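In what follows, a single structure is set out as structure tokens and then discussed.
What you see is a predicted model, and the numbers here were worked out from it, not measured in a lab. Throughout, a chain's letter reflects where its sequence line sits, starting with A, and its residues are numbered from 1.
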Amino acid sequence: MNEVGESLNFIEHIVEEDLRNGYTKAELRFRFPPEPNGYLHIGHASSICLNFGLGLRYNAPVNLRFDDTNPAKEEQEYVDAIKKDVEWLGYTWDTERYASDYFQQLYDWAVLLIKEGKAYVDSQSSEEMAKQKGTPTEAGIDSPFRNRTVEENLTLFEGMRRGDYEEGTHVLRAKIDMKSSNMLMRDPIMYRVLHKSHHRTNTDWCIYPMYDWTHGESDYIEQVSHSLCTLEFAMHRELYDWFLDQVTDPKKLRPKQREFARRNLSHTVVSKRKLLQLVEQNAVNGWDDPRMPTISGLRRRGFTPESIKNFVNTIGIAKRENLIDVSLLEFHAREHLNKIAPRVMGVLNPLKLVILNYEGEEEWLEAENNPEDETAGFRKVPFSRELYIEQEDFKEEANRKFFRLKLGGEVRLKNGYIIKAESCTKDTEGNILEVLCTYDPKSKSGSGTEESLRKVKGTLHWVSIKHAVEAEVRLYDRLFTDESPDTHKDKDFMEFINPESLKVITGYLEPSLKSAQVGDRVQFQRLGYFCVDPDTTSEKLVFNRTVGLRDVWAKIQQRD
RNA sequence: UGGCCUAUGGUGUAAUUGGCAACACAGCUGGUUUUGGUCCAGUCGUUCUAGGUUCGAGUCCUAGUAGGCCAACCA
């Protein structure tokens, strides 16, 4: 960790305290328990890093456990995607588990509870039961079926399991306390009838256990020491403990549930349900759309696992409400990409520039691949009489703050020569068509001549027109215009979708990029970090902009 | 007319468990630079309120205020 002296988050403090109070290190065990009903997002990354980070810290095993108790929503596709994402982040689970592995054990325990008079079959509609449940401020009332005999309950539950009953006719309920101030303790449902095929158990079962009944018992079966979940489960802890009380052997380790606040990221939503809605309503092009805050979306966007983990570690873990600015995530992307991304030149908004006094056909200039990495080496880039520069890099007239090219002014072409703008041509509407300039042949970069050492304020990137490689470039902006789109009581989050979150343009790139492979990450100098999208084919290169460079000039312009 | 949780700079998280409120990001100034990038230096600014305990309170107690969560055969 850090040399200065590490600071622990509150979960780590709890573990340290448990270690002082009798837990042995060998007893420590954690789990990451996703439901396979959607793709993992940046919020899950926090949970993954927390649990697997604890595993690394204490050299303790961490299970990957799929919480697959609801066959109506869960699919193998999601299981595969989740495993891929966890692996991509760089973590290794001890064993791969499924709550469905425990269906028989759970059933046996449920029978035990019935025999002890602690569970009963209720045969009312969900509406009737909801009515009896009361409200947070009013006690509930007992179900008319609450006092069925053990034999009757056993017979009915066995029938439920056999498939004798239709969905919605019977449920198994824990007999706890309809007057509890905790709504979850008012005889919660343990099993419901569901005649649906399960992605792993197929049609073996037609009753499925509910989350509360399943989760703590699964932790107990796996001997998980610390079961960490988000704050909305805090009220479930009492029930988690109640269910555990019914089955635990005091000689075995008893799991402990603790809750932390989920991380909210600005300008997006971090909820599987809402992300699914974006996918289903085609607001984005799938779960791995680079605008999505999913792990797969961030991967496709060009984020590195390191940048995500660094982000997660700096935002930490706590119990209070939070809204983390997405710019912090972008900072970590830049920080890592700055070290590893080769520099290349590409022009996204081309303006033709002609060097009037350039006599040669072409020449190949030496260019440094990465000034942050001495081992990155050099490459050659072609230079010729006609180049593209960015439209924003030329103005006929501009004040002293503008370091770029203006008529009569000089700039250096990166890795090339110092040029001077002499004139420009325009169409009938006044749009600039091309810039005509002259160059100083003695000013070639790296030549060591007096002229080459001259300081000019501006340096522009460029690309030789006849050598340029065309590519589709996808520029992304925030998916939502509001920093917290799903917290408005009077407005749906879909109303805040940014209509300009994706802009597709054609870029003109230096020819070395012809051989770029899917997933390659580069810095287009002075523009940002880009990566090669999987849509790339042998005929067409496709780049995603991961994140732009920090842009002081944009800020200066904004102020004016 | 309930229960549970939370409150530290603009944002996020710390504070050796009662002992000088710190780190990162963002902002602002300046320096270096063949990327208006990177890097370097400097700077701004914080314990929700009111009482109490204490030599000493961000930390403990009481009350208040504000925010979040709790009534799916979802997880």
Side-chain angles (χ1 to χ4, degrees), chain A residues 2 4-9 13 33-35 37 67-70 72-74 122 125-126 129-131 133-140 167-173 180-184 186 189-194 207-208 210-212 214-215 229 231-238 259 261 263 266 272-273 313-325 327-332 334-335 338-339 343 345 368 371-372 401-404 411-416 418 445-446 452-461 523-528 548-556:
Chain A
N2 49 23
V4 191
E6 52 183 343
S7 64
L8 306 182
N9 63 47
H13 279 295
E35 183 190 10
N37 68 340
D67 231 328
D68 56 349
T69 57
N70 185 3
K73 291 201 282 185
E74 295 151 8
D122 200 333
S125 68
S126 58
M129 285 192 283
K131 236 177 279 166
K133 196 142 198 177
T135 71
T137 54
E138 282 169 61
E167 291 184 12
T169 51
H170 301 286
V171 291
L172 184 72
R173 288 230 254 172
S180 172
S181 59
N182 182 351
M183 301 285 294
L184 293 159
R186 326 247 258 226
I189 294 174
M190 295 171 68
Y191 277 94
R192 75 282 212 189
V193 176
L194 242 35
I207 55 172
Y208 290 93
M210 300 288 287
Y211 166 85
D212 287 299
T214 309
H215 203 91
C229 61
L231 237 34
E232 65 264 30
F233 290 97
M235 297 298 291
H236 294 245
R237 188 149 113 198
E238 191 180 358
E259 311 84 16
R263 266 60 270 285
S266 76
K272 270 194 271 185
R273 203 203 92 233
N313 288 333
T314 69
I315 63 177
I317 208 82
K319 292 186 82 167
R320 68 181 102 142
E321 293 291 307
N322 59 81
L323 181 62
I324 296 140
D325 202 293
S327 64
L328 185 59
L329 179 60
E330 294 170 344
F331 163 80
H332 283 285
R334 290 190 192 104
E335 183 188 50
N338 175 51
K339 290 181 197 139
R343 271 57 169 175
M345 291 196 286
E368 190 178 18
E372 304 298 314
K401 285 187 196 165
F402 186 77
F403 300 166
R404 283 109 108 131
V411 294
R412 173 171 292 281
L413 294 174
K414 178 82 185 169
N415 304 312
I418 293 173
S445 291
S452 73
L453 268 12
R454 275 177 56 213
K455 302 282 178 197
V456 287
K457 195 69 181 166
T459 300
L460 307 187
H461 62 279
Q523 183 197 90
F524 289 177
Q525 279 184 120
R526 301 211 303 136
L527 296 176
L549 257 28
R550 269 188 73 221
D551 193 348
V552 172
W553 174 237
K555 275 178 208 153
I556 294 170

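At the heavy-atom level, A/S266 lies nowhere under 4.0 Å from the strands shown. Within 4.0 Å (heavy atoms only), A/S126 reaches at least one base atom of the nucleic acid. A/F403 comes within 4.0 angstrom of a nucleotide base, judged by non-hydrogen atoms across all strands. Nucleic acid contact class of A/I556 (heavy atoms, under 4.0 Å, all strands): base. At a threshold of 4.0 angstrom between heavy atoms, the contacts of A/R237 with the nucleic acid are absent. The residue A/E35 sits close only to the backbone: its heavy atoms come under 4.0 Å of sugar-phosphate atoms, none of a base. Across all strands, A/H332 comes closer than 4.0 Å to no nucleic acid atom at all (heavy-atom distances). Contact annotation for A/E321: backbone-only contact, meaning every heavy-atom pair under 4.0 Å involves sugar-phosphate atoms and none involves a base. A/N182 comes within 4.0 angstrom of nothing in the nucleic acid, heavy atoms only. Within the 4.0 angstrom heavy-atom criterion, base atoms lie near A/L549. Across all strands, A/P371 comes closer than 4.0 Å to base atoms (heavy-atom distances). Across all strands, A/M210 comes closer than 4.0 Å only to sugar-phosphate atoms, never to a base (heavy-atom distances). A/K555 comes within 4.0 angstrom of the backbone, heavy atoms only, and of no base. The residue A/R550 sits close only to the backbone: its heavy atoms come under 4.0 Å of sugar-phosphate atoms, none of a base.
Going from the P atom of B/rA63 to that of B/rG45 covers 36 Å, rounded to whole Å. B/rA7 and B/rC60 are spaced 10 Å apart, taking the P atom of each and rounding to whole Å. If you take atom C1' in B/rU65 and the same atom in B/rG51, they sit 14 Å apart, rounded to whole Å. The separation of B/rU33 from B/rA26, taken at their C1' atoms, amounts to 24 Å, rounded to a whole angstrom. Between B/rU13 and B/rG9, the distance separating the two C1' atoms is 12 Å to the nearest Å. Rounded to whole Å, the P atom of B/rU47 lies 10 Å from the corresponding atom of B/rG58. The same atom, P, is picked in B/rU1 and in B/rA57; the two are 38 Å apart, to the nearest Å. Here, B/rU49 and B/rU59 have their P atoms 11 Å apart, quoted to the whole Å.
The distance from the CG atom of A/L172 to the CZ atom of A/R192 is 12.5 Å, given to the nearest 0.5 Å.
With hydrogens and angles left out, the side-chain atoms of A/H170 and A/D122 include no donor and acceptor closer than 3.5 Å. Residues A/D325 and A/S327 bring a donor and an acceptor atom of their side chains to less than 3.5 Å of each other.
Residues passing the ring pair (Phe, Tyr, Trp, His ring centres under 6.0 Å) test with A/H332: none are found, sequence neighbours excluded. With sequence neighbours excluded, no residue forms a side chain to side chain donor-acceptor pair (under 3.5 Å) with A/R550. Listed by chain and residue number, nothing satisfies the ring pair (Phe, Tyr, Trp, His ring centres under 6.0 Å) test with A/F403 (two or more places apart in sequence, or in another chain). With sequence neighbours left out, A/K272 forms a side chain to side chain donor-acceptor pair (under 3.5 Å) with A/N37.
Comparing A/S181 and A/E232 by the nucleotide of RNA chain B whose heavy atom lies nearest to each, the residue mapping closer to the 5' end is A/S181. Of the two residues near RNA chain B, A/L323 and A/T137, the one whose nearest nucleotide lies more 5' is A/T137.
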How does RNA chain B read in dot-bracket, base by base from 5' to 3', with Watson-Crick or G-U pairs under 3.5 Å and | used when the partner is on another strand?
.((((((..((((.....[..)))).(((((.......)))))....(((((..]....))))))))))).....
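Here chain A contacts RNA chain B (any atom closer than 4.0 Å to a heavy atom, that is under 4.0 Å), and the contacts span B/rG2 to B/rA75 from 5' to 3'.
For B/rU17, the base adopts the syn conformation, since its glycosidic angle falls within 90 degrees of zero.
Considering only heavy atoms from C-beta on, A/N70 comes within 4.5 Å of A/E35 through its side chain.
A salt bridge links A/E259 with A/R237: at least one charged nitrogen is closer than 4.0 Å to a carboxylate oxygen.
The closest donor-acceptor contact from the side chain of A/R343 to the backbone of A/Q523 lies at 3.5 Å or more, if one exists at all.
Under the 30°/60° scheme for interplanar angles, the aromatic rings of A/F233 and A/Y211 are found to be tilted.
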